[in-house]
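These notes are about the structure you will find just below.
Index from 1, following the sequence.
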Amino acid sequence: VLLVKYLIEARKLSSKCNGSLQWKGIATVLFTATVFIISSAPLTVFNLTESYVELEYHSFHVHFYRTAYSFMYFTVATNIFIYYFTVPSFQEFLKSRIKTTSPQNTEISTNSEASLRNKKTNTAISRV
């Protein structure tokens, strides 16, 4: 709720400043910070409650720690999506990289190279 409020406020400020304030940059920072706080919350809870849980509850120390630590990877996994949807230049960069490295383009270029070699071979054979 607070994040939406900040985004609306940032949008208003951006329109008042004739676009000189980059509201997409503010949105990127807010989304990234929110995801980081959400993903680090379980590990923070674990660190705060670890000393209060008795050692005989071994599953808490093992399983909750693993789960809490795994949540930290959530922020890494979501950053690319946050940047993709909020930074237009990053979106264009990814699209260009996907186009140049897609298997379809590789297959097409391989087929065109093979057909070019065949044409050269057929031309060389016909001259003989």
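Linking ILVMFWY residues whenever their side-chain heavy atoms come closer than 4.5 Å, directly or via other members, places Val35 and Phe31 in the same cluster. Val45 and Tyr69 end up in the same hydrophobic cluster when Ile, Leu, Val, Met, Phe, Trp and Tyr side chains are linked at under 4.5 Å. In the hydrophobic cluster analysis, where Ile, Leu, Val, Met, Phe, Trp and Tyr join through side-chain heavy atoms closer than 4.5 angstrom, Tyr73 is grouped together with Phe46. A chain of hydrophobic side-chain contacts below 4.5 Å, direct or via other Ile, Leu, Val, Met, Phe, Trp or Tyr residues, connects Leu94 to Tyr83.
The structure places CZ of Phe71 at 11.0 Å from CG of Leu43, a figure rounded to the nearest 0.5 Å. Expressed to the nearest 0.5 Å, how far CE of Met72 lies from CZ of Phe36 amounts to 4.5 Å. Note that the OG1 atom of Thr86 and the CZ atom of Phe81 stand 13.0 Å from one another [nearest 0.5 Å].
The two residues Thr75 and Ser39 make their nearest non-hydrogen contact at CB-OG, 3.5 Å. The nearest pair of heavy atoms linking Tyr84 to Phe90 is N-CD2, 3.6 Å.
With sequence neighbours excluded, no residue forms a side chain to side chain contact (heavy atoms under 4.5 Å, CB included) with Ile37.
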